[in-house]
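Labels below follow one simple rule: chain letters A, B, ... track the order of the sequence lines, proteins then strands, and each chain is numbered from 1.
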2 protein chains.
Amino acid sequence: MGVTIKDIATKANVSPSTVSRVISNSPLIGEKTKRKVKKVMEELGYFPNFHARVLVNGATCSLGIVMPVSMRDQDLVFQNPFFQDVMKGVGSFVHSKNYSLYMTSGETEEEIYQDVVNMVKGRRVDGILLLYSQEEDPIINFLVEHDFPFVLVGHPPDNVQNITYVDNDNYKIAQNVTKYLLSLGHKKIAFIGGNKRLIVTRNRLSGFLDTLSLSGLSVPEDYIKHTEFSIEGGNASVQELLELNELPTAIFVTDDVLAMGVLNVLHEKEIRVPEQVTVVSFNNLFFAGFTIPPLTTVDVNIYQLGYEAAKCLVEKVEDTSATPKCIVVPSKLVVRKTCQHIGDQSLEKISSHLDFQIVVQ
Amino acid sequence: MGVTIKDIATKANVSPSTVSRVISNSPLIGEKTKRKVKKVMEELGYFPNFHARVLVNGATCSLGIVMPVSMRDQDLVFQNPFFQDVMKGVGSFVHSKNYSLYMTSGETEEEIYQDVVNMVKGRRVDGILLLYSQEEDPIINFLVEHDFPFVLVGHPPDNVQNITYVDNDNYKIAQNVTKYLLSLGHKKIAFIGGNKRLIVTRNRLSGFLDTLSLSGLSVPEDYIKHTEFSIEGGNASVQELLELNELPTAIFVTDDVLAMGVLNVLHEKEIRVPEQVTVVSFNNLFFAGFTIPPLTTVDVNIYQLGYEAAKCLVEKVEDTSATPKCIVVPSKLVVRKTCQHIGDQSLEKISSHLDFQIVVQ
DNA sequence: CTGAAAGCGCTTACAG
DNA sequence: CTGAAAGCGCTTACAG
């Protein structure tokens, strides 16, 4: 059915080798022959068979994307627009390099693991991009063991020196966000975050906790909530906080989807934001500027996270000997309306104490 | 580097053919040989080379996914969670059938078209899934011309008899939604929808328009807005409506992201929903129950749309002679708080006049 | 500058 | 029940 190199060869009166060389634009071939062969290719509508090429070259120019698609059993239900945004960044770089994208479709950790094994051992991809990072991840171990090129979006759970990853400096960001809250006068600050196994969650929590304890503030245990990544999760968590005797005056939320759930409950209970409760969040997802009130949140540059990760991975694939590296994507706090409003001057002042870019929108 | 069938053959003292037969579990091979060979495969960690297989079998067991990723030039910026949801459905079915997923990464129509050509002509996939449907789409034409298996999520722009597609009955739904609005007493109803080239937009618009005209109501031209699929798009459109002399009392919005923008502006301008303006929308995206007020919207069963589409495609791939078919995914109106509230009884009454499932949440 | 030959890793008629 | 041979569509040393 498909036109092959042989068909071209016969019709152009040359050998298949010559056709192959014309395709790869080898300088060895004479101009005349090139033109002749190219014309025939045009006429017959030739297109190289991908698999035949891969079989001899080895390189697939494809990357495998590992998404945490709804791991229901782990309550990691990702209905999070975050991933769509990362993928845009990934897609953009990858396209510029003529690489293709392969996706896992597994729905449990075990299935996703199998998907990865298939990709790697079946030689379907040249590298793997992990869009998340969590503790005790068998996939990372598998990849390391097989010395297969991969890049992590997020901070490695361990083995940091040997893994190439792209991440924000979540610990530092969390410190600065917390300092920001402190400078606003808050002392009773609660935390709502995603699954504990995720490294992002842990890093943001540590930054938060460490900063408070440096200020001599301790956080009661029931001020710290871990929940699934959904509006409902955010909902449930604030509800719990609101049942406490001593209410927090600020809530540090690690994701905008969660924050949406938080704002929702507060609005329903007619608790005024930011007058009664201050809310900060992370990720600056597409709806962050349109919640009620508009969310003050850290823009972590999701697109760039994806773009850089893809770039690192392609580099790694094309030069396997490259040493592991880590790219830190910059971020900034986008101040909107969910934190106690203070005069512009004082914001500047606060800002000067922080190691952190602040932008008012 | 990789272990091949040959390695196994030598170590197991059989021929490569035998190993191949063991892998495909051929009944011809004796039990003893099978055990012996399997043991060696185990020891050596054998995994079949995907590309070698494809080269001889032809089948890739891979599907290509065409996403309308941010076609900036066409103002079709899709930051819409819709696609993540469809992909869940697609992934779920595909995984059960051991198929893999390939993604386009192009960012303009031209690039995406090239991605598709590469997939098809390079024999990288067995079928193509188009996650959207629009007028004058060169991709559809290409696929039809090459008689390549594909399935459309959405209604074909033309050539309906020859294309397999999965869609909601958007025209009918729009009719019923409009009737619903009419029965609520609205006469001045505006429309905010996405790009005109998209068939969904057109179908929902026609259903809307036809129903109104059947009721003897005409819609002024400036009551009909087409905008990009973003909160900002929704924002801009209501702003325009609010500048009109004669304000609509209801707005028919074709997508929740747009509706979010609509609600946002109305809230800012302190226009009360639903008391002053009623809003209905489509898709029931993850945040629809959490806007302020919670959105009344049509649940189009996004997941099932993806699931069925993948199913149709695999069927088509595995039986090329299958006749084109069309699957209509059911939908229902989820009544929340953006439409003028009326007593439960009258909702029942209204419902009885509609050819449409209504659910109160 | 061009061609014949071997080979990438598999499968599958064809023999036996 | 098992093996030798041909072939899937390409690339790339090796000759000339």
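Checking C:dA4, C:dT2, C:dG9 against the side-chain heavy atoms of A:T18 singles out C:dT2 as nearest. In this structure, the nucleotide among C:dC8, D:dC8, C:dC1 sitting nearest to the side chain of A:L28 is C:dC1. Of all nucleotides listed (C:dT11, C:dA4, D:dA4), D:dA4 comes nearest to the side chain of B:R21. Distances were taken from every side-chain heavy atom of B:R53 (C-beta onward) to each of C:dG3, C:dT11, C:dC8; the shortest belongs to C:dT11. Listed nucleotides: D:dC10, D:dT11, C:dT12. Nearest to the side chain of A:S20: D:dT11. Taking the side chain of A:A52 as heavy atoms from C-beta on, and the options D:dC10, D:dT12, C:dC10, the nearest nucleotide is D:dC10. The side chain of A:V14 approaches C:dG3 more closely than any other nucleotide in the set C:dG3, C:dT2, D:dC10. Distance from the side chain of A:T33 is smallest to C:dC1 among D:dC8, C:dC1, D:dA4.
Distance, A:F47 CZ to D:dC10 P: 11 Å, rounded to whole Å. In this structure, A:K34 atom NZ and C:dC1 atom P are separated by 9 Å, rounded to whole Å. With rounding to whole Å, B:L55 atom CG is found 14 Å from C:dT12 atom C1'. Remark: C1' of D:dT2 and CZ of B:R35 are 17 Å apart, rounded to the nearest angstrom. Between the P atom of C:dC10 and the CG atom of A:N49 lies a distance of 17 Å, rounded to the nearest Å. For the pair B:I29 CD1 and C:dT11 P, the interatomic distance rounds to 12 Å; values are reported in whole Å. Whole-Å rounding puts the A:K36 NZ to C:dC1 P distance at 14 Å. Between the P atom of C:dC10 and the CZ atom of B:F50 lies a distance of 13 Å, rounded to the nearest Å.
Considering only side-chain N and O atoms, A:N57 lies under 4.0 angstrom from the phosphate OP1 or OP2 of D:dT12. For the OP1/OP2 pair of D:dG9 and a distance below 4.0 Å, the side-chain nitrogens and oxygens of A:T4 include no atom meeting the criterion.
Of the two residues near DNA chain D, A:V56 and B:V56, the one whose nearest nucleotide lies more 5' is B:V56.
A side-chain donor from one of A:S100 and B:R124 sits under 3.5 Å from a side-chain acceptor of the other.
D:dC14 is paired with C:dG3 under the Watson-Crick or G-U wobble criterion, all donor-acceptor distances under 3.5 Å.
The residue B:Y46 sits close only to the backbone: its heavy atoms come under 4.0 Å of sugar-phosphate atoms, none of a base.
Using bins of under 30°, 30° to 60° and over 60° for the plane-to-plane angle, the ring pair B:Y102/A:Y102 lands in the tilted bin.
The shortest heavy-atom contact between A:F47 and B:N118 is CZ-OD1, 3.0 Å.
With a 6.0 Å radius and a threshold of 12 heavy atoms from other residues, nucleotides or ligands, A:K121 has its NZ atom above the threshold.
The shortest side-chain heavy-atom distance between A:L198 and A:N195 falls under the 4.5 Å cut-off.
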Determine whether A:N159 and A:N162 satisfy the following criterion, side-chain hydrogen bond (donor to acceptor under 3.5 Å, both in side chains), listing intermediate values before the conclusion. CA-CA 6 Å; A:N159 207 353; A:N162 302 312; 2.6 Å; yes
